[in-house]
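Notes to accompany the following structure.
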Amino acid sequence: MNKKELLEGPILSSLLKLAVPIMIANLLQAAYQLVDAFWVGRLGGDAVAAVSVSTPVIFLTIALGTGLAIAGSILIAQYFGAGQQEMVNHVAAQTLLMVISVSVVLSIIGYWLSPYFLKLLNVTPEVYNDALGFMRVAFIGLVFSFSFMIFQSVMRGVGRVTLPVYIVLGTVILNFALDPLFIFGWNFIPAMGVKGAALATLSTQSLAIVIGFFILFRGKHGIHLQLKDFKPDYKHIKKAFKIGFPSSIEQSMRAIGMMAITFLIVHFGTTTVASYGAGSNLIQLILIPALGLSMAIATLVGQNIGAGNIARAAQIGKLGGYLGFGLLSGLGIIAYAFAPYLIAFFVPNDPAVIEGGTQLLRITCLSWGFLGLQLCLTGVFRAVGNTTLPMILTLVSQWVIQFPLAYILSHNTSLGKVGIWWAFPISSVLTGLITLLFYAKGDWKKERLTGKTNKLIDKVEKEIVKEGFESVK
């Protein structure tokens, strides 16, 4: 898409042209996990449980890097909208440097602490070894997944959203071919079970980032990195960290919330854990359209904020909220109707898991529209630099509503494990309505235009511009 179209064209057209490729790329990215789940499900419920208990821990580490990347994507979109190409290159390089450095540290720490994480979660002996192997390989691969995540955010920031789609499509196809080879073995390749699924993903993601770096250094797609751009600019990193830190807390609290819920679920046995794993795979899949739309909203709003089009930015947010609610509500109705068949796709030979996963899906799916609404409106808050409000909303959702409610309903009522499932839709509806109230009130506009938050961000951006140009000369 050209810059003029993003800043002046019809809003719905511009939003969809950004959102659809992002959705497809995210869908294909999630296909890594879905392909793994498809093949691992052929190993039985214990194998599915091994992946299920590992996922929240891996998601926690990825969440830390995601939050820091958000700061870079905000600034890239705004600088691109303002026509400051040199700062786009500088911010992209410094964000890559910061997040890759963080990923290396997290990989080392996570690999070493993996056994302690699993003991903390009270993983059963039947699941422990597979979970440990999967988790450790996933930690090794963090640097590749982090790097490609930044590549995608950089491409979004400059409006080039289709290129990552082709890269991810190729690696997903390769992953589908490698998974059965590494999981079940073939010829000279030994059967590695659950660990083999993680190795297949590691192999394909490393290839993806090699291609991504080639594109960034070639300079043919709206951004051109050079080695001098990677000279550490500690003042920029520090200031970008201040913007991104609330998002890191937000994403981390979301991940820790998943771990806490998993801790509750583990007490109800392996079948319940596997049911949660199969159901959550589908929930993560369904959230992809809303996440893609949220990213498109953040990109389009950020670019229009950079260009000074405040009224247009507000219109983008309003339309995005309608689309997010409507899209996920429709998908929720479809999921309710076909829930048993959707769960059986992942665990075809375990009736108990199919029954449990179907129950989870049908309890949660009719509230998905409120998740879509929340994600789309928080994309607006982030785009204008307000990363604190989404953090607070997540803390309230996870720790004031969802986890306490899941504990009370599962331990102090006759619902048992079903009480945990009911905590999901209740927290989704309440948080979605609270988010809507904050957006409708309009204080986010005042903060961005005249408030303290805006003054701080404007000061940071002005200093980054000044110091950035000095560093690239």
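Position 1 is the first residue of the sequence, and the numbers go up from there.
For Thr431 (side chain) and Ser427 (main-chain N/O), a donor-acceptor pair under 3.5 Å exists by modelled atom type. Within the 3.5 Å criterion, the main-chain N or O of Ile100 finds a donor-acceptor partner in the side chain of Ser103. The backbone N or O of Thr201 sits less than 3.5 Å from a side-chain atom of Asn175, completing a donor-acceptor pair. Here the side chain of Ser397 pairs no donor or acceptor atom with the backbone of Thr394 at under 3.5 angstrom. In this structure a side-chain-to-backbone donor-acceptor pair under 3.5 Å is present from Ser101 to Leu97. Checked by atom type and distance alone, the side chain of Tyr439 pairs as donor or acceptor with a backbone atom of Lys318 at under 3.5 Å. Ser367 contributes a side-chain N or O that, together with a main-chain N or O of Thr364, makes up a donor-acceptor pair within less than 3.5 Å. Ser206 contributes a side-chain N or O that, together with a main-chain N or O of Ser203, makes up a donor-acceptor pair within less than 3.5 Å.
By the 4.5 Å heavy-atom criterion applied to side chains, Leu360 and Phe424 are counted as neighbours. Side-chain contact check for Thr171 versus Gln205: every heavy-atom pair is 4.5 Å or farther apart. Counting only heavy atoms from C-beta outward, the side chains of Arg136 and Pro115 approach each other to under 4.5 Å.
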Side chain to side chain contact (heavy atoms under 4.5 Å, CB included), that's the test. Do Glu250 and Thr387 meet it? Break it down for me. CA-CA 9 Å; Glu250 175 199 349; Thr387 54; over 6 Å; no
Residue pair Leu225, Val154: steps toward the side chain to side chain contact (heavy atoms under 4.5 Å, CB included) verdict: CA-CA 11 Å; Leu225 300 188; Val154 168; over 6 Å; no
Sequence neighbours left out, cut at 3.5 Å: what donor-acceptor pairs do the side chains of residues 263-277 make with other protein atoms?
from	atom 1	to	atom 2	distance (Å)
Thr272	OG1	Phe268	O	3.1
Ser275	OG	Thr271	O	2.8
Ser275	OG	Val353	O	3.4

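Scanning for side chain to side chain contact (heavy atoms under 4.5 Å, CB included) contacts around Met135 gives Ser54, Val57, Ile58, Ser114, Phe117, Leu118, Phe139, with sequence neighbours left out.
A ring-ring contact (aromatic ring centres under 6.0 Å, His included) check over residues 356-378, counting only residues at least two apart or in different chains, returns the pairs Phe325-Phe370.
A 6.0 Å sphere centred on CZ of Phe213 holds more than 12 heavy atoms belonging to other residues, nucleotides or ligands. Within a 6.0 Å radius of CZ in Phe184, more than 12 heavy atoms belonging to other residues, nucleotides or ligands are found.
One finds the CG atom of Leu15 at 5.5 Å from the CD1 atom of Ile297 (value rounded to the nearest 0.5 Å). Note that CD1 of Ile392 and CZ of Phe438 are 7.0 Å apart. Values are rounded to the nearest 0.5 Å. Note: Phe345 CZ to Ile354 CD1 = 12.5 Å, rounded to the nearest 0.5 Å.
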